[in-house]
Amino acid sequence: MHQIGSKGLTIVVVLLAALGVASCSQSGIPDCRNDPPGFLITNVHIIDGSGTPAFSANVRIKDGLITDIGSLDQCDDETVIDGGGQTLAPGFIDTHSHADSRIFEHPDALAAVSQGITTVIVGKDGDSSYPLSDFYSKLRHAPATVNVASYIGHNTIREEVLGEDFRRAATDEEVSLMAEILANELESGALGLSSGLEYDPGIYSDSSEVLRLAKVAAAAGGRYSSHVRSEDRWFEDAIDEIILIGRETGMPVQISHIKLAMKRLWGEADELIAKLDAARANGVQITADIYPYEYWQSTMMVLLPERDFTDRDAISFVLDQIAPPDGFWMTKFDPNPEYVGKTLTEIAALRETDTVTAFTQLAEEADLMRKETGKRAEAIIGTSMQESDIGRLLNWPETNICTDGGLVDLHPRGMGSFTRVLGRYVRELKLMPLETAIHKMTALSAAHMGITDRGVIRKGAVADLVLFEPDTVIDRATPLAPDAISDGITFVWVAGELVFANAEVTDNRPGRIIRRAMQ
Ligand SMILES: [Zn+2]
C-alpha cells in the first residue's frame, strides 16, 4: 500500500464484500430488485485494484455499474458468466496514450482493449486536439470501445499563438493569450496541462512560461504531466524543472514515460527515486508513468536539441551515448520506405558510408520531404534503456503503467505494454506481486489522473473490467511485428458492455468521455 487514499478504499471494499456475504447467507435470497436484470460473474479471483490480496467472490453488474460483490446467488433472468477460475481486475487505465490521432478511424481501439485497457488518457507530450469541445462532440457522436479523457497540450496552444515564429521565448502578451486558451480548454473538461518540452515548439519556451501556464491549470483544479525538457543530456535539470512546477503550483505533477535513456545515466534509478521521494517528503505531489521497453520511438531530430543534422560531433555523441546504431531502427522513412525495419548500421552499409554520415543524409532527406509535404517523414526506434533500470523505476510506489502508444503504432508498446508488465515483469522476472502490478494499472493510475469511480472493483464503481489468465498473459508485439495481439486477455467490459472477447473486438462502443471533476 502506498497512499492513504488506497488504504481507505481497501477498508470500504472489505466492508462491502463482508456485507454482501452476510446478506446472502442470512436470507439465502439474492437481491434481485432493480430491473432490468444484469449479469453475474462467477468463479473468479478478484484483484480489486487497491493492491490488497486477491479474493474469491461473485460480481453483479447492472446498468453499467458494479452493484454487488460477494457470495451471490443467481437471480431469475440473470446471465451468469463463469470466469473459469481466471482473474478479474478493473479495466486498465492508460495514463499516456496517443490513441487520439486515430480514434475516429479505429473506434474498435483493438490495440488498447486487447491488452485490457478500458480508458485512454490522451493529449499528452504537449500535443492535444484543439479545441477539445470539438473533439468531445465528435466522440459523443462516434464513441469508441474505450473511455477517453484528455489533457490540453502546451505545444498545441503555443502553436496556436506563435504560429511559425516559434523559435524564441514568448512575450508576456503571448503567454497571456496562451493562458486564456488554456483556461477555456480546462473549462471544457481537460484533466490538466501537458507539455512536451523536448519537441517543437515547446523546446523554445522557458520555465517561466511553463510555470505561468501551470498556475492557470492549478487554479482550475487541474494537474500537469510532462515529457520533460531532456531525457538524456540535461536530464537532472529537467527533473528539477518539473519538481519546481509541482512546488510552485501545489498541484499534482507527473513525469511522462520516466526513463534513464543515456549510458551516463544507467544504473542511477535509485538516485533518481531518492530525489523524487525527497520532493514528495517536501510536499510536492510528483508521480511518474512508465512503459516496459528498453527502446523508445520518436523522431531523429529529438536527438538533436540544436536541430542541426549536419553537426557531426553531436551525432557522434548521440550514437555513442544515447542511441547506438545497432539498436536504431527506422520505423518510418517516406523518402525510401525500404529502410523501414532496418537499423542505422544496416542502412550505412547499404549506402557504403559510416553511421554518422548516414544519419545526416537520412535526416536531411526526411527534412526535405517534410518541407514538401508538410508532414513528418521519418520515425525511429532508439534503444537507450536497461531492463534493470526499468524494473527499479516500475517498482517505485508512485509509478503507474502507460503505453505511450497509438492505436496503430510502429513500436510494440501500443499493443503490448500492459500484458508485457504482467507476463514479463510479474510472472517471469517476479518483480512484484500481481496485485501490485494491477494497482499500478488501475486505482493508482486513476488517482494520478484525478479520475473517480473507475480503476477499482467496488460496489457503485463503473463496470470497466478485464478477465485474464495470469499464467499465460503475455505481449506478442515486437518491433518487426508491432501489431501482434497479446495472449491471455479473455474478456473486457466497458460500463458493463462486452467490448473484447476471445481475441476479437465486439460491436459495442460504450466508451465515454471523462472530464475533470469540477470543484
Ligand atoms: Zn513523450
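Counting starts at 1 for both ligands and their atoms, following the listed order.
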Identify, with sequence neighbours excluded, every residue that meets ring pair (Phe, Tyr, Trp, His ring centres under 6.0 Å) alongside Phe328. Phe359

With sequence neighbours excluded, what pairs up with Phe166 under the ring pair (Phe, Tyr, Trp, His ring centres under 6.0 Å) test? Tyr204

Measure up the Tyr295 and His411 rings against each other and bin them: parallel (under 30°), tilted (30 to 60°), perpendicular (over 60°). tilted

Who passes ring pair (Phe, Tyr, Trp, His ring centres under 6.0 Å) against Phe418, sequence neighbours left out? Phe92

Mind telling me whether Tyr291 and Tyr293 have parallel, tilted or perpendicular rings, with 30° and 60° as the class edges? tilted

Less than 4.0 Å between a side-chain N and a carboxylate O, is that true for Asp334 and Lys375? no

Listing residue and atom name, which protein N/O/S atoms are closer to the Zn ion (ligand 1) than 2.8 Å? Asp125 OD1, Asp125 OD2, His227 ND1, His257 NE2

